[in-house]
Amino acid sequence: MPVPWFLLSLALGRSPVVLSLERLVGPQDATHCSPGLSCRLWDSDILCLPGDIVPAPGPVLAPTHLQTELVLRCQKETDCDLCLRVAVHLAVHGHWEEPEDEEKFGGAADSGVEEPRNASLQAQVVLSFQAYPTARCVLLEVQVPAALVQFGQSVGSVVYDCFEAALGSEVRIWSYTQPRYEKELNHTQQLPALPWLNVSADGDNVHLVLNVSEEQHFGLSLYWNQVQGPPKPRWHKNLTGPQIITLNHTDLVPCLCIQVWPLEPDSVRTNICPFREDPRAHQNLWQAARLQLLTLQSWLLDAPCSLPAEAALCWRAPGGDPCQPLVPPLSWENVTVDKVLEFPLLKGHPNLCVQQVNSSEKLQLQECLWADSLGPLKDDVLLLETRGPQDNRSLCALEPSGCTSLPSKASTLWDDDLGALWACPMDKYIHKRWALVWLACLLFAAALSLILLLKKDHAKGWLRLLKQDVRSGAAARGRAALLLYSADDSGFERLVGALASALCQLPLRVAVDLWSRRELSAQGPVAWFHAQRRQTLQEGGVVVLLFSPGAVALCSEWLQDGVSGPGAHGPHDAFRASLSCVLPDFLQGRAPGSYVGACFDRLLHPDAVPALFRTVPVFTLPSQLPDFLGALQQPRAPRSGRLQERAEQVSRALQPALDSYFHPPGTPAPGRGVGPGAGPGAGDGT
């Protein structure tokens, strides 16, 4: 609807200013361009779809600058609409090159020509306008003669008349070519507002004053203007005559905008956003912001407006101490409102919090997201494990004064290639700290004794003997082996214990949860396995996966669902807990050379083992004992001639447990051969 002349005069200033604006007659849009160029406007609007940036097939016309100007589009002498004229300045970018694929670049761009280096250039230039609540896109076709084509030089401009916008509105303009060869240009134009819509403050309240005639019917709407996505309506009402709308100061946020329009057909809507720079509005925005925990690892920031901020995890201890940021090892993450963010957590902890700072590095928001589901803050201390450039690891306890060195492990919270975070009960931590003090005293006493001992000549011979003894003892210790299995039943556990005991008779250092029940109960299966696996692999050892029907079932559950479902396994089943760390080693190709598999003859065929775990050797026992023992040797160790003898030794130690498991007391036990020639079904008459 055309705006009355006196309203335009009030909005734009004194009459001379209004009269100085160029007047356009007629409702049709139009275009014109610089001398020498030819241009035309498409008859209808197009869809606003910029598309992706594509390589230019040669020289192309590209927008380089946007210039705007206010004009009047008048239906009558005194009834005019405020209109925005846009001039797009163009230049030649790129170089002459033969297209690699004519069909790819074809005539879509209209910027290539039949005879390169001596032809005109064409371009389709898109102008996109957005002014709440309307948006439109127009297409301008431009042609530049060959005489004006100069690389890197401006060729002129094309002018579009014009985009109608309401008084007080904010118009956003984008320009790009179709297809798009470069990033689009953008420009924002704020149109003057009408003086009959004012904002005033009265203590804690804000007044919206609308000075209109008593007979005027109009609509009033409050909304949150969003940088991305459509506006969010907050309040709407139809009113009559002059009005004073009172808002509480707590309702003010930077993106709160006001829209007013006469209740008439095709009326022009006026928009203003008066609180963008209001300090109270920015303070209210942070007070209204909330952090929401979606899953164990994901969360998002919910706020009325966009927030330029960063967030990171921090550790909050009981007692009112400040929350200590975990940066490093973690890093600050840029935050976008209503966008899901993730932190690499294995499990939550009530003392873990998310803190958020604005662009001036001032703390604005802090919430312990996991406290609602996991309870109040715990009297725990956070242990930080880091990995150095030489793969050396160190552990320290996070305290207000810094990080105190402490060789310990507990329930892990986060893990990646840089290190890990562990949560440890405070009583254990204090015990460890006193243990460090005692250890330092003992080391000092030992060093003092050694100094006194070295003063005696006969001690030198004793030191040489001691050195030789240590070397021989280290060689006799053999390779470390961590044995993992699924506790299917008590009989199978006895069979595993017999195998572990037999392997201990060889130069192997075997670790199995059967012999570490106390530590397993104190630390938990996950922490115990993490510590054992890390120590074994750091020492160049090997992890043995002993497969059984129960183990295969657990592996299948993990591979299908990513989590082990409930089962009838006991609390000490480390195999279930170990899958969380074993699977990444296999998925990322780190398993060969560090893992081997095994299963017992007549209990499980090797083909039943999931294919992922068959990327390492899988041996059947006892039929493939020599090969199994060879795989347990050091990678570069020479093949021992006593391997067959050791295999027979392990086979003899294992045979009673095999007979007891496969032939319980009271049932006849057929003879079964053991050794390299035996296999599934050996000795059963088949």
Side-chain angles (χ1 to χ4, degrees), residues 1-13 15 17-33 39-48 66-88 125-140 157-176 185-197 212 216 218-221 223 225 230-231 257-273:
M1 183 187 74
V3 181
W5 182 257
F6 78 94
L7 288 182
L8 279 175
S9 301
L10 292 174
L12 300 176
S15 296
V17 177
V18 180
L19 294 175
S20 66
L21 295 181
E22 182 179 344
R23 297 189 184 188
L24 306 177
V25 180
Q28 290 80 18
D29 295 343
T31 184
H32 60 275
C33 45
C39 56
R40 77 178 185 92
L41 173 68
W42 275 39
D43 296 334
S44 59
D45 291 356
I46 64 172
L47 294 177
C48 302
L66 293 178
Q67 187 175 357
T68 59
E69 179 186 3
L70 287 177
V71 296
L72 296 178
R73 171 173 284 171
C74 300
Q75 304 294 331
K76 299 180 182 179
E77 181 67 22
T78 58
D79 288 336
C80 302
D81 287 327
L82 195 62
C83 211
L84 194 61
R85 169 183 289 168
V86 181
V88 184
V125 180
V126 178
L127 281 175
S128 174
F129 301 92
Q130 182 177 3
Y132 179 78
T134 61
R136 59 179 299 205
C137 285
V138 297
L139 183 64
L140 312 175
S157 62
V158 57
V159 179
Y160 168 72
D161 285 327
C162 60
F163 178 74
E164 297 181 12
L167 291 171
S169 63
E170 180 184 79
V171 183
R172 298 177 181 176
I173 309 169
W174 292 268
S175 179
Y176 50 89
L185 296 179
N186 64 83
H187 177 77
T188 300
Q189 179 74 37
Q190 181 68 53
L191 272 63
L194 292 174
W196 45 264
L197 178 58
V212 298
Q216 179 69 59
F218 62 92
L220 178 66
S221 175
Y223 64 94
N225 190 26
C257 299
I258 306 164
Q259 185 180 81
V260 183
W261 67 97
L263 295 179
E264 299 176 2
D266 299 327
S267 60
V268 177
R269 301 194 175 199
T270 300
N271 301 270
I272 61 172
C273 302

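As a basis for the values below, the full set of heavy atoms in this structure was taken, side chains included, without hydrogen atoms, waters or symmetry mates.
Between Ala131 and Val171, the shortest heavy-atom contact is CB-CG2, 4.0 Å. In plain terms, the two heavy atoms of Thr31 and Val159 that are nearest each other are OG1-O, 2.8 Å. Here the closest non-hydrogen pair linking Leu41 and Leu139 is CD1-O, 3.6 Å.
Taking CG from Leu127 and CH2 from Trp174, the interatomic distance works out to 12.0 Å, rounded to the nearest 0.5 Å. Rounding to the nearest 0.5 Å places CG of Leu84 at 10.0 Å from OH of Tyr160. In this structure, SG on Cys48 lies 10.0 Å from CZ on Phe129, to the nearest 0.5 angstrom. Between atom CG of residue Asn225 and atom SG of residue Cys257 there is a gap of 4.5 Å, rounded to the nearest 0.5 Å. Ile46 CD1 to Ser128 OG: the interatomic distance, rounded to the nearest 0.5 Å, is 9.0 Å. Summarising the geometry, atom CG belonging to Leu263 is positioned 8.5 Å from atom CZ belonging to Phe218; distances are rounded to the nearest 0.5 Å.
No donor-acceptor pair closer than 3.5 Å links the side chain of Ser157 to the backbone N or O of Val88.
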side-chain contact (heavy atoms from CB on, under 4.5 Å) between Glu170 and Thr188: does it pass, once the steps are laid out?
CA-CA 7 Å; Glu170 180 184 79; Thr188 300; 3.6 Å; yes
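The salt bridge (Lys or Arg N to Asp or Glu O under 4.0 Å) search around Asp29 returns Arg73, Arg136, not counting sequence neighbours.
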